[in-house]
Q: 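Pasting a structure below so you can have a look.
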Amino acid sequence: MTEYSGAGDPKRTLELLWGVRERPRRGPKPRLTAEEIVRAAVRLADAEGLDGLSIRRIAEELGVSPMSIYTYVPGKAELIDVMVDRAFGELEPPAGGSWRARLEHVARGDWALFHRHPWLLQITTVRPPLGPNTCAKFEYELRAVDGLGLSDLEMDSVVALVTGFAESSARVSVNAAEAERRSGMTDEQWWEASAPLLETLVNEDDYPLGTRVGAAVGSEYGSAVAPGRAFEFGLARVLDGIEVLISSR
């Protein structure tokens with residue numbers, strides 16, 4: 001299931017993100033805070049993915065009625081934006097170093113975050129949650145390439161390239177782990193089970209390169225893919241390309 005950030009009411013979402021939404025003024029003292037609700041939602045999403053997330057499930061987790069949740073959170077769409085922003089708050093900005101080291105830090109931070117919270121990969125953030133942590137993340141990402149002679153649009157594109165690469169690479173890694181969990185077989189076990197029949201169907205003369213390279217990859221990785229190594233290789237090549245751009249300035 002894919003969710004979309006920015007799908008809720010913009011004003012109410014921003015109020016929730018920045019903590020400016022008014023609390024109820026009448027009635028008994030509130031039992032909850034919006035932050036407690038967000039933390040419970042993140043715990044549920046970490047355990048069950050977004051498919052298992054609902055206002056009712058959050059209410060059960062906190063021992064309150066669903067209507068109590070709506071007192072603080074307008075709905076699931078607005079809540080998802082806040083969950084994303086809170087997750088971004090776990091990231092640490094680069095401490096210094098070269099532009100290359102700073103961008104590498106950004107990519108590795110995103111890669112690790114997607115593995116801690118795989119549900120983030122179920123959310124399309126074309127309209128990013130404009131909360132404090134999202135804004136801070138974008139700010140330090142831009143600082144990583146500030147002062148290098150790039151235009152503002154190029155700085156934005158470089159950041160989008162690095163973060164997009166980290167996200168797509170993490171998606172492959174998370175999906176590979178999920179495939180193993182669902183099938184109950186490691187990649188190595190799956191290939192071992194497939195090999196006897198596959199050898200009778202695939203002619204080496206017809207697929208000489210695929211056979212040779214596939215054998216080398218399988219021998220090295222014990223699998224058709226190695227997400228961690230692909231991430232390392234790809235990140236280095238992405239940074240090499242950015243270096244060419246910077247050098248041209």
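Quick note: numbers below take in every heavy atom, side chains included, and nothing from hydrogens, waters or symmetry partners.
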Q: Is Tyr72 linked to Tyr70 within one hydrophobic cluster, defined over Ile, Leu, Val, Met, Phe, Trp and Tyr using a side-chain heavy-atom separation of less than 4.5 Å?
A: yes
Q: Go through the steps to decide whether Leu235 and Trp111 satisfy the test side chain to side chain contact (heavy atoms under 4.5 Å, CB included), and finish with yes or no.
A: CA-CA 11 Å; Leu235 177 58; Trp111 163 273; over 6 Å; no
Q: Do the side chains of Glu60 and Arg56 get close enough for a salt bridge, i.e. N-O under 4.0 angstrom?
A: no
Q: Could you tell me whether the side chain of Thr134 and the main chain of Pro129 form a donor-acceptor pair under 3.5 Å?
A: yes
Q: Return the minimal non-hydrogen interatomic distance between Ile55 and Pro66, and the atom names on each side.
A: CG2-O, 4.0 Å
Q: For Ala224 and Val217, work out which heavy atoms get closest and say how close.
A: O-CG1, 3.8 Å
Q: Are any non-hydrogen side-chain atoms of Leu91 and Tyr140 less than 4.5 angstrom apart?
A: yes
Q: Of all the heavy-atom pairs spanning Lys76 and Leu53, show the shortest one and how long it is.
A: NZ-O, 3.0 Å
Q: From Thr211 OG1 over to Asn203 CG, what is the distance, rounded to the nearest 0.5 angstrom?
A: 8.0 Å
Q: Do the side chains of Val244 and Val145 join up, straight or via other hydrophobic residues, at under 4.5 Å, putting them in one cluster?
A: no
Q: Inspect the surroundings of CZ in Arg127 and state if more than 12 heavy atoms from other residues, nucleotides or ligands are less than 6.0 Å away.
A: no
Q: Do Tyr207 and Trp191 share a hydrophobic cluster, counting only Ile, Leu, Val, Met, Phe, Trp and Tyr and linking them when any side-chain heavy atoms are less than 4.5 Å apart?
A: yes
Q: Can you check side-chain hydrogen bond (donor to acceptor under 3.5 Å, both in side chains) on Asp81 and Ser5, steps first, answer last?
A: CA-CA 6 Å; Asp81 276 24; Ser5 64; 4.6 Å; no
Q: Starting from the C-alpha separation in whole Å, work towards a yes-or-no answer on salt bridge (Lys or Arg N to Asp or Glu O under 4.0 Å) for Lys137 and Glu92.
A: CA-CA 9 Å; Lys137 182 178 189 292; Glu92 293 289 337; over 6 Å; no
Q: So do Leu198 and Pro196 actually touch side chain to side chain, heavy atoms under 4.5 Å?
A: no
Q: How about Trp190 and Ser183: do any of their side-chain heavy atoms sit closer than 4.5 Å?
A: no
Q: Indicate yes or no: does Arg229 engage Glu220 in a salt bridge with an N to O separation below 4.0 Å.
A: yes
Q: Has Trp18 got a side-chain atom pairing as donor or acceptor with Leu130's backbone, closer than 3.5 angstrom?
A: yes
Q: Would Glu204 and Arg212 pass as an ion pair if we require N to O under 4.0 Å?
A: no
Q: Using side chain to side chain contact (heavy atoms under 4.5 Å, CB included), reason through Arg86 and Glu35 one step at a time and then give a plain yes or no.
A: CA-CA 9 Å; Arg86 293 298 187 273; Glu35 189 60 33; 2.9 Å; yes
Q: Under a 4.5 Å cut-off applied to non-hydrogen side-chain atoms, are Val162 and Ile242 in contact?
A: yes
Q: Can a donor-acceptor pair be found, under 3.5 Å and without considering hydrogens, that links the side chain of Glu139 to the backbone of Ala136?
A: no
Q: Where do Ser68 and Thr71 land on the side-chain hydrogen bond (donor to acceptor under 3.5 Å, both in side chains) test, with the steps shown first?
A: CA-CA 5 Å; Ser68 298; Thr71 302; 5.5 Å; no
Q: If you round to the nearest 0.5 Å, how far is CG of Leu239 from CZ of Arg102?
A: 12.0 Å
Q: Could you tell me whether Glu61 and Arg57 have a side-chain N and a carboxylate O separated by less than 4.0 Å?
A: no
Q: Can you tell me how far apart CE (Met83) and CZ (Phe88) are? Round to the nearest 0.5 Å.
A: 12.0 Å
Q: For Ile123 and Ile80, what are the C-alpha separation, side-chain angles and deciding distance, and is it a side chain to side chain contact (heavy atoms under 4.5 Å, CB included)?
A: CA-CA 8 Å; Ile123 302 172; Ile80 282 175; 3.6 Å; yes
Q: So, Arg237 and Asp240, do they make that salt bridge, N to O below 4.0 Å?
A: yes
Q: Supply the atom-to-atom distance Leu197 CG to Leu201 CG, rounded to the nearest 0.5 angstrom.
A: 4.5 Å
Q: Is the backbone N or O of Val20 less than 3.5 Å from a side-chain atom of Glu15, with the two atoms forming a donor-acceptor pair by type?
A: no
Q: Do the side chain of Ser169 and the main chain of Ala166 share a donor and acceptor less than 3.5 angstrom apart?
A: no
Q: Is any side-chain heavy atom of Asp146 closer than 4.5 Å to one of Trp99?
A: no
Q: Answer whether the closest heavy-atom distance between the side chains of Asp110 and Phe114 falls below 4.5 Å.
A: yes
Q: First locate atom OG1 of Thr186, then atom CZ of Arg181, and finally report the distance between them rounded to the nearest 0.5 Å.
A: 15.5 Å
Q: Look at the side chain of Glu48 and the backbone N and O of Ala45, then say whether any donor-acceptor pair between them is shorter than 3.5 Å.
A: no
Q: When clusters are formed by joining ILVMFWY residues with side-chain heavy atoms under 4.5 Å apart, either directly or through shared neighbours, do Leu153 and Leu142 land in the same one?
A: no
Q: So which heavy atom on Gly131 is nearest to which on Leu17, and how close?
A: N-CD1, 3.8 Å
Q: Under the criterion side chain to side chain contact (heavy atoms under 4.5 Å, CB included), I'd like the reasoning laid out for Thr125 against Tyr4: C-alpha separation, chi angles, the key distance, then a yes or no.
A: CA-CA 6 Å; Thr125 55; Tyr4 294 83; over 6 Å; no
Q: In a check of side chain to side chain contact (heavy atoms under 4.5 Å, CB included) between Ile37 and each of Val82, Leu16, Leu32, Val64, which one passes?
A: Leu32
Q: Quick one: are Phe138 and Asp156 in side-chain contact, heavy atoms under 4.5 Å?
A: yes
Q: Count the heavy atoms of every other residue, nucleotide or ligand shown that sit under 6.0 Å from CZ of Arg116, and state whether that count exceeds 12.
A: yes
Q: Testing the basics here: between Pro132 and Asp85, what is the closest heavy-atom pair and its distance to 0.1 Å?
A: CD-OD2, 3.5 Å
Q: Can you get from Val172 to Tyr221 by hopping between Ile, Leu, Val, Met, Phe, Trp and Tyr side chains that sit under 4.5 Å apart?
A: no
Q: Between Ser219 and Ala216 (side chain of the first, backbone of the second, donor and acceptor by atom type, cut-off under 3.5 Å), is there such a pair?
A: no
Q: Does Thr124 reach the main-chain N or O of Val126 with its side chain, forming a donor-acceptor pair under 3.5 Å?
A: no
Q: Find out whether Glu141 and Met155 are in side-chain contact, i.e. whether some heavy atom of one side chain is under 4.5 Å from a heavy atom of the other.
A: no
Q: Rounded to the nearest 0.5 Å, how far apart are CD of Glu78 and CZ of Arg12?
A: 6.5 Å
